[in-house]
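Since the structure comes first, as structure tokens, the remarks are kept for the end.
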Amino acid sequence: MNLLRCAAAALAGAALLATPLVAQGGGGAPRPTGVPNIPTVDTSGVGALVDQGMNKSQVMKNLQYLTDVIGPRLTGSPAVRAANDWTMKQFQAYGLAAHLESWNFGGTWERGAMWMRLVAPRAHDVIAASWAWTPGTGGKPVTGPVVRIDASTPESLAANKGKVKGAWVMLRPASMVWNNDGPPMSAADSQRQRDAFRGFQQQPQRDSAARARQQQFTADQPFLLRDAGALGILLDGGKEQDLLNMSGSPTRVMPLPQVVVAHEEYALFNRLLDNGVTPQLQASIQNTLNMKDSVPQWNTVAEIRGTDLPGEVVIVGAHLDSWDLGTGATDNGTGSMATLEAARIIAQSGLKPKRTIRFVLFTGEEEGLIGSRKYAEQHAGEADSIQAVIVLDNGAGAVTGQALQGRPELFGLWRAILAPLHGLNADTVTDASKGGTDHLSFLPYGVPGFNFNQITRGYNHTHHSQSDTWDKAIDWDLRQASTVMAVSAFELANLPGMIPRGQRATPPVVAATKVSPELLKANR
Ligand SMILES: [Zn+2]
């Protein structure tokens, strides 16, 4: 899941209906869907798929290889290509036709060694990591004070830019991270947290000119800070227990170092500044940026061909790439290995779907859903023959059901698809419209796209942090999620008709943030 949109997903809507259904143990009587050309869902075959998925699983073993042996899979790195090659071979070993499809990525970034140290008022190693697609310090240590300024508008930055020369810059106060083992929040605490969260979100501008001005300022801000002589920008990790966070993209290459520090460190700097003590930080950061017009990356694509309607396709997907502080186990090793496992479940069940089921492991998701956007663009001509896209990308937890993604008329259809999975607790349908992952890339083409709801299972902690490792995966949950993917895909492939198309829109263009031209000339 992509960082920028995860807050919206966390706040996504509540269950429309949670009336328990009678456990049907796979299969069961046809259920009406309320969709005119799809009167019922054929649930025969569900029992065989559930048996294959829950009792003969290979998903934990595959996840272990992906995360422990191949390791983190930063888009553009040799590791993500190794993951493409390995998953292609795994699909083939399960009897599927598989290949890699290339797309163009804007440029690679390689994380080098770094350290950061508080040198005054006392010495202390700082838990920190360089944000991706940011430069280093040229291999030499640099030292400077920490300053905290308001630079949220052109006016406030202009007023404060005299303070940033030779300094590490904090652009916000420390975020509120609650001690979960401490006393419960009071009403005033909750209000303070809500206010802080609201302050974190950019206030929407009313007229389009003001909006465009703010957007341009957001693009220009790091360049203005560099020109004012800042050493780098400090970000708050915003989590408990020294956990870090990560993001960045070749669509927004930073002109100066940007470092995420653990919340404990950021809050310390914040308190020292509040009490009139200026922390001094020394750091050395060695990153390698390699921006080129054309850098190919690959999505892994595999298919089980449909018997009756091979030209119509159900896409099952997840993203194979990850951030690199941990090993991308829950974001999104679990989703991508559940996708591979769903392919195995269907292939080895001996069942034959009527439509083609295509399994796609996207890359470039973490940098802005780039691999899936390029895939949807390259396959735009076939959009009307894509029955649906179903994605799993909300961590390690079991699936609780489906989110309707702005398609309330499909409530009965999803209830019918998931009804035989009541025994696996996977049959709730919510009205949430979820953000931050690859199903979004298909919606502008009218393709019905969905991202399963999952139990949280600590995803707030593992997400983009150094603790995103194999040990956070849960065997039963992952077998269940893989089974739900397989069953949903198979039922969608066998529906009597195509799901009505969603509303079309202009797909967002994948392009570099446009910085004001006069700021692009380095003048330091
Ligand atoms: Zn992510």
Side-chain angles (χ1 to χ4, degrees), residues 1-12 63 66-67 70-77 79-80 83-84 87 105 109 111 129-134 235 237-239 243-252 258 260 297 299-300 317-339 360-375 389 391-397 399 403 432 434-441 449 451-470 472-473 478 481 510:
M1 172 183 257
N2 185 274
L3 179 67
L4 304 171
R5 295 171 185 86
C6 76
L11 297 171
L63 181 65
L66 180 76
T67 55
I70 295 177
R73 302 164 303 282
L74 187 65
T75 301
S77 69
V80 76
N84 282 130
T87 49
F105 191 46
W109 176 83
R111 183 185 300 285
S130 174
W131 211 241
W133 277 273
T134 66
L235 302 177
K239 301 182 184 188
L243 289 173
L244 292 171
N245 208 336
M246 188 50 51
S247 194
S249 174
T251 62
R252 193 165 185 244
Q258 178 161 283
V260 58
Q297 291 295 293
N299 298 319
T300 307
H319 71 90
L320 187 59
D321 67 302
S322 75
W323 287 117
D324 60 338
L325 298 183
T327 57
T330 70
D331 186 14
N332 185 10
T334 44
S336 49
M337 291 303 93
T339 299
V360 188
L361 300 180
F362 301 105
T363 55
E365 193 273 351
E366 294 295 2
E367 292 76 23
L369 318 183
I370 306 180
S372 59
R373 282 182 176 172
K374 298 276 174 106
Y375 182 93
V389 175
V391 164
L392 186 74
D393 185 18
N394 285 166
V399 169
K434 297 174 72 183
T437 190
D438 293 306
H439 68 297
L440 295 182
S441 301
N451 174 27
F452 288 98
N453 291 324
Q454 294 173 256
I455 302 173
T456 310
R457 297 288 195 207
Y459 193 45
N460 298 337
H461 300 98
T462 58
H463 182 254
H464 296 198
S465 82
Q466 65 272 45
S467 86
D468 191 4
T469 47
W470 184 84
K472 310 308 182 306
L478 202 42
V510 178

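Counting convention: from 1, in listed order, for ligands and their atoms alike. Values reported hereafter were calculated over all heavy atoms of this structure, with side chains retained and with hydrogens, waters and symmetry mates removed. Treat the numbers as computed from the prediction; the structure is a model and nothing was measured.
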State whether Glu365 contributes an N/O/S atom found under 2.8 Å from the Zn ion (ligand 1). no

Just checking: His464, one of its N/O/S atoms, less than 2.8 Å away from the Zn ion (ligand 1), yes or no? yes

Would you call Leu66 and Leu320 a side-chain contact if the rule is heavy atoms closer than 4.5 Å? yes

Which residue is it: Asn299, Thr87, Asn332? I am looking for the one with a side-chain contact (heavy atoms from CB on, under 4.5 Å) to Leu361. Thr87

Glu366 OE2 and Asp331 OD2 subtending at the Zn ion (ligand 1) (10° steps): 90°

Determine whether Thr251 and Glu367 make a side-chain contact, defined as any pair of heavy atoms from C-beta on separated by less than 4.5 Å. no

Of the backbone and side-chain N, O or S atoms of Asp393, does one lie nearer to the Zn ion (ligand 1) than 2.8 Å? no

Could you pull out the closest heavy-atom pair between Trp323 and Ala132, with the gap in Å? CZ3-CB, 3.4 Å

